[in-house]
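Lettering of chains follows the sequences in order, A, B, ..., and the numbering in each one begins at 1.
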Amino acid sequence: GESVGLHLPTLSVQEGDNSIINCAYSNSASDYFIWYKQESGKGPQFIIDIRSNMDKRQGQRVTVLLNKTVKHLSLQIAATQPGDSAVYFCAEIFGNEKLTFGTGTRLTIIP
Amino acid sequence: DAGVIQSPRHEVTEMGQEVTLRCKPISGHDYLFWYRQTMMRGLELLIYFNNNVPIDDSGMPEDRFSAKMPNASFSTLKIQPSEPRDSAVYFCASSLQVVYGYTFGSGTRLTVV
């Protein structure tokens, strides 16, 4: 079936800098996207979502951008903190089907 | 709300033994999902329920795996007999709708030796 993939498996960022995590999706009909954060020993935690009729959505220190033309999703984290170190997953959904998760990107914040 | 509660947190068992993982979803959530996470395959959906009824079990690896949801507040995932390749972290998640962000439990780390 369709799959969600990530450009970079690992990313290291200096504390205080901004980070960008990218995701490519293959199903152009997907209409809902979610970013999850998974810390070591914990389950994935919802960060932010965006619907296909939007191209940008902002939360607290996080922004998700959606480019449907190239089927690309990104998560921007501003002023990174040590607590942002985790694995980040993008996930997509089409219609009423279940979420499909990408493979994840490990973000490491360097003090 | 205590969130999605899974038990046990860790389980070590011998090959061939039966393993039962448990999940209590968030009260009021109509959807419950069982996922398996490994380094090789990432997060895989095994099965999900809507109002206690299994909707899609296409991700269940084989007949050794079974899942039940006898009521709205409890679900089990059973592996019988267990094999070393079943070693993984198993997550339960619940949601108000399937088209919505899921809330995950803390997972059960299963090791089959």
Side-chain angles (χ1 to χ4, degrees), chain A residues 1-10 21 23-27 29-54 57 59-60 62 64 73 75 86-106, chain B residues 1-10 21 23-26 29-51 54-60 67 88-111:
Chain A
E2 301 284 1
S3 64
V4 177
L6 290 169
H7 293 304
L8 299 174
T10 61
I21 301 171
C23 175
Y25 63 95
S26 56
N27 188 349
S30 289
D31 49 18
Y32 181 57
F33 304 88
I34 305 176
W35 280 101
Y36 280 88
K37 172 187 180 182
Q38 186 176 22
E39 297 175 90
S40 181
K42 298 182 179 180
Q45 178 185 10
F46 174 94
I47 302 174
I48 191 167
D49 60 359
I50 188 168
R51 296 204 175 271
S52 60
N53 60 354
M54 303 171 67
R57 190 162 188 225
Q60 186 177 11
V62 295
V64 56
L73 193 68
L75 176 70
V87 177
Y88 290 81
F89 295 93
C90 68
E92 64 175 328
I93 191 163
F94 164 61
N96 288 322
E97 298 297 316
K98 63 263 186 187
L99 281 175
T100 301
F101 283 85
T103 54
T105 293
R106 181 173 299 280
Chain B
D1 196 322
V4 176
I5 300 173
Q6 291 186 248
S7 64
R9 285 300 309 273
H10 302 275
L21 311 182
C23 175
K24 181 181 187 312
I26 291 175
H29 280 191
D30 293 331
Y31 288 85
L32 183 140
F33 307 84
W34 281 101
Y35 279 85
R36 177 172 67 178
Q37 186 176 39
T38 61
M39 289 295 292
M40 292 295 293
R41 302 172 71 92
L43 271 166
E44 300 175 279
L45 178 65
L46 301 177
I47 185 172
Y48 79 92
F49 296 82
N50 178 25
N51 291 322
I55 301 300
D56 184 348
D57 65 354
S58 60
M60 296 287 263
V89 181
Y90 291 81
F91 287 103
C92 175
S94 70
S95 175
L96 283 168
Q97 304 174 33
V98 70
V99 189
Y100 204 71
Y102 306 163
T103 300
F104 282 80
S106 297
T108 294
R109 180 174 295 277
L110 174 65
T111 303

>> Minimum heavy-atom separation for His29(B) and Ser94(B), please, with both atom names.
In response: ND1-OG, 2.7 Å
> Between Gln6(B) and chain A, which part of the residue has a heavy atom less than 4.5 Å away: side chain, backbone, both or neither?
Replying inline: neither
> Where on Gln38(A) is there a heavy atom nearer than 4.5 Å to chain B: the side chain, the backbone, both, or neither?
Replying inline: side chain
>> Quick check on Thr108(B) against chain A: is it the side chain, the backbone, both or neither that has a heavy atom closer than 4.5 Å?
In response: neither
>> Which atoms of Arg41(B) are under 4.5 Å from chain A, going by heavy atoms: the side chain, the backbone, both sets, or neither?
In response: neither
> Which heavy atom of Val87(A) sits nearest a heavy atom of Gly104(A), and at what distance?
Replying inline: CG1-CA, 4.0 Å
>> With a 3.5 Å distance limit and no angle check, can you tell me whether Tyr102(B) reaches the backbone of Leu99(A) through a side-chain donor-acceptor pair?
In response: yes
>> I need the single residue from Phe33(B), Tyr35(B), Tyr90(B) that forms a ring pair (Phe, Tyr, Trp, His ring centres under 6.0 Å) with Phe104(B). Which is it?
In response: Tyr35(B)
